[in-house]
Amino acid sequence: THGFSFDLSHLAMKTATDAVFSQGKKWVEKATEKSSVTVPAAGTIEVAFSPNEGAEALVVKVIDSARTEIRMMSYSFTSPVVAKALLSARHRGVDVQLVADWESNASKKKDGTWKSPKSIAAMSALVTAGADVRTIDAYDIAHDKVIVVDGATVETGSFNYSAAAA
């Protein structure tokens with residue numbers, strides 16, 4: 001598992017996450033038309049790996065750098081370390097928005113219990129702190145792992161925001 005942090009001057013992902021929040025499923029359906037976006041960029045790239053080789057620390061570093069906004073797309077959201085960093089950002093006045101995979105984070109088992117109580121707890125804590133949290137089920141799996149900070153920094157890679165990935 002790995003994570004990358006990009007510092008970019010312009011960012012298409014910010015536009016994509018903002019569109020998911022403002023237009024929801026309509027934007028997702030339009031985005032499946034297989035179009036691409038060219039993004040001019042300049043800056044630095046930081047790379048980290050896991051387990052225990054810095055990927056989680058890089059995620060927290062990116063979240064902690066936020067001054068105005070965090071846009072996050074997540075497949076698995078069970079990491080107490082990542083949730084705590086997002087809560088800290090919210091308490092600093094950062095606008096936090098999260099789109100998480102519904103099946104992995106908010107679905108229930110046949111017996112009516114949550115498949116992932118840790119995800120429910122983390123998302124509930126963010127909502128209580130004033131974050132905008134949504135789940136998406138437009139696809140069989142929303143396997144995104146992306147954080148956009150202040151429209152200028154992107155953290156992405158194969159690192160799930162889960163306790164198991166650290």
Shared hydrophobic cluster, [X] / [Y] (ILVMFWY, side-chain heavy atoms < 4.5 Å):
| X | Y | answer |
| --- | --- | --- |
| I141 | M123 | no |
| V81 | M72 | no |
| Y161 | V127 | yes |
| V60 | I45 | no |

So which atom in [X] and which in [Y] form the shortest heavy-atom distance, rounded to 0.1 Å?
| X | Y | value |
| --- | --- | --- |
| T135 | A106 | CG2-CB, 3.8 Å |
| F77 | A122 | CE2-CB, 3.5 Å |
| D64 | A85 | OD1-CB, 4.1 Å |
| A66 | E69 | CB-O, 4.2 Å |

Do [X] and [Y] have side chains that approach each other closer than 4.5 Å (heavy atoms only, starting at C-beta)?
| X | Y | answer |
| --- | --- | --- |
| K145 | F159 | no |
| L86 | I63 | yes |
| S116 | T78 | yes |
| V94 | R67 | no |
| S79 | E56 | yes |
| F49 | L58 | no |

Pairwise salt bridge (Lys or Arg N to Asp or Glu O under 4.0 Å) hits with a residue in residues 91-100, at least two apart: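 Passing the test, one end in residues 91-100: R71-D95.
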May I ask you to decide if [Y]'s main-chain N or O and [X]'s side chain share a donor-acceptor pair within less than 3.5 Å?
| X | Y | value |
| --- | --- | --- |
| D137 | W102 | no |
| R90 | A129 | yes |
| S104 | D101 | no |
| S88 | K84 | no |

Atom pair [atom1]/[atom2] of [X] and [Y] - distance to nearest 0.5 Å:
| X | Y | atom1 | atom2 | answer |
| --- | --- | --- | --- | --- |
| E155 | E46 | CD | CD | 10.5 Å |
| L98 | I136 | CG | CD1 | 11.5 Å |
| I147 | S74 | CD1 | OG | 8.5 Å |
| L87 | T128 | CG | OG1 | 9.0 Å |

Holding to side-chain contact (heavy atoms from CB on, under 4.5 Å), I want the full list of residues that pass it with K109, two or more places apart in sequence or in another chain.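 By the side-chain contact (heavy atoms from CB on, under 4.5 Å) rule, K109 matches D111, T113, K115.
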Within the 3.5 Å criterion, strictly below it, is a donor on E103 or Y75 matched to an acceptor on the partner's side chain?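 No, no side-chain donor-acceptor pair sits under 3.5 Å.
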Side chain to side chain contact (heavy atoms under 4.5 Å, CB included) between V96 and D132, intermediate numbers included: CA-CA 6 Å; V96 175; D132 188 357; over 6 Å; no
